[in-house]
Amino acid sequence: MTAGLLMIYTGYIGQYFEITNTGWFLFWGAVSTVFYVYILYMVGNLIFKSRENLPHQAYKTMGTIWCLILISWTLYPLAYLVPWAWKAFPAWGHGHL
């Protein structure tokens, strides 16, 4: 729970700098991402340790759940970087590449 809150709070701090200071924006995004990676590690550890004693179909399902968690949770750091990407690649914000 603490890592989740710190991930959210530090990311939120970084959002204050998204327009004014790219360095601080990226710094707080990186700090937030450290907590994000820790949470993924903990969840992955829990999933892989628990599935050892499961029947084959449940074992496979837990592997699928892990893949879904990775994909969906990776949207967090990608979404965080959208304001930076618009500044770094202005054409992206105008609908033509």
Side-chain angles (χ1 to χ4, degrees):
M1 184 172 83
T2 302
L5 289 172
L6 288 170
M7 177 184 76
I8 292 167
Y9 293 155
T10 55
Y12 189 66
I13 291 169
Q15 292 293 294
Y16 284 111
F17 298 104
E18 80 180 45
I19 304 297
T20 60
N21 190 318
T22 302
W24 280 113
F25 171 74
L26 293 175
F27 169 78
W28 286 108
V31 170
S32 181
T33 301
V34 168
F35 295 113
Y36 157 82
V37 169
Y38 174 74
I39 292 168
L40 280 180
Y41 170 77
M42 295 300 291
V43 170
N45 229 5
L46 182 64
I47 287 174
F48 287 105
K49 282 183 180 179
S50 69
R51 72 183 209 163
E52 292 172 0
N53 301 321
L54 297 175
H56 180 70
Q57 186 58 39
Y59 182 93
K60 285 176 49 178
T61 300
M62 290 302 283
T64 302
I65 289 170
W66 173 243
C67 289
L68 289 172
I69 287 171
L70 278 178
I71 292 167
S72 62
W73 272 60
T74 299
L75 295 174
Y76 169 77
L78 294 176
Y80 185 90
L81 290 173
V82 167
W84 169 81
W86 281 342
K87 284 173 74 174
F89 306 99
W92 289 5
H94 298 291
H96 53 279
L97 296 173

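Position 1 is the first residue of the sequence; numbering continues from there. Atom set for the values below is all heavy atoms of this structure, side chains included, hydrogens, waters and symmetry mates excluded.
Atoms CG and OG1, from Leu81 and Thr33 in turn, are 7.0 Å apart once rounded to the nearest 0.5 Å. Note that OG1 of Thr10 and CG of Leu5 are 10.5 Å apart. Values are rounded to the nearest 0.5 Å. Interatomic distance, Thr61 OG1 to His56 NE2, rounded to the nearest 0.5 Å: 9.5 Å. Here the CG atom belonging to Leu70 is positioned 6.0 Å from the CG atom belonging to Leu40, to the nearest 0.5 angstrom.
When hydrophobic clusters are built by joining Ile, Leu, Val, Met, Phe, Trp and Tyr residues whose side-chain heavy atoms come closer than 4.5 Å, directly or via intermediates, Ile69 is not grouped with Tyr59. A single hydrophobic cluster is seen to contain both Ile8 and Val37, as judged by linkage of ILVMFWY side chains at heavy-atom distances under 4.5 Å, directly or through other members. Linking ILVMFWY residues whenever their side-chain heavy atoms come closer than 4.5 Å, directly or via other members, places Leu26 and Phe89 in the same cluster.
Scored by the side-chain contact (heavy atoms from CB on, under 4.5 Å) test, Ala30 finds no partners at all (sequence neighbours excluded). Residues meeting the ring-ring contact (aromatic ring centres under 6.0 Å, His included) test with Tyr12, sequence neighbours left out: Tyr16. Partners of Asn45 by side-chain contact (heavy atoms from CB on, under 4.5 Å), not counting sequence neighbours, listed by chain and number: Tyr41, Lys49. With sequence neighbours left out, Tyr38 forms a side-chain contact (heavy atoms from CB on, under 4.5 Å) with Ala3, Met42. Partners of Tyr9 under the side-chain hydrogen bond (donor to acceptor under 3.5 Å, both in side chains) rule, at least two apart in sequence or in another chain, do not exist in this structure.
Residue pairs meeting the side chain to side chain donor-acceptor pair (under 3.5 Å) criterion with at least one member in residues 65-84, sequence neighbours excluded: Ser32-Tyr76, Tyr36-Thr74. Within the structure, side chain to side chain donor-acceptor pair (under 3.5 Å) pairs that include any residue of residues 21-30 comprise Thr22-Lys87 (at least two apart or interchain).
Taking Ile, Leu, Val, Met, Phe, Trp and Tyr as hydrophobic and joining them when side-chain heavy atoms fall under 4.5 Å apart, one finds Leu46 isolated, its cluster having no other members.
For the residue pair Ile47 and Met62, the shortest heavy atom distance occurs at CG2-O, 3.8 Å.
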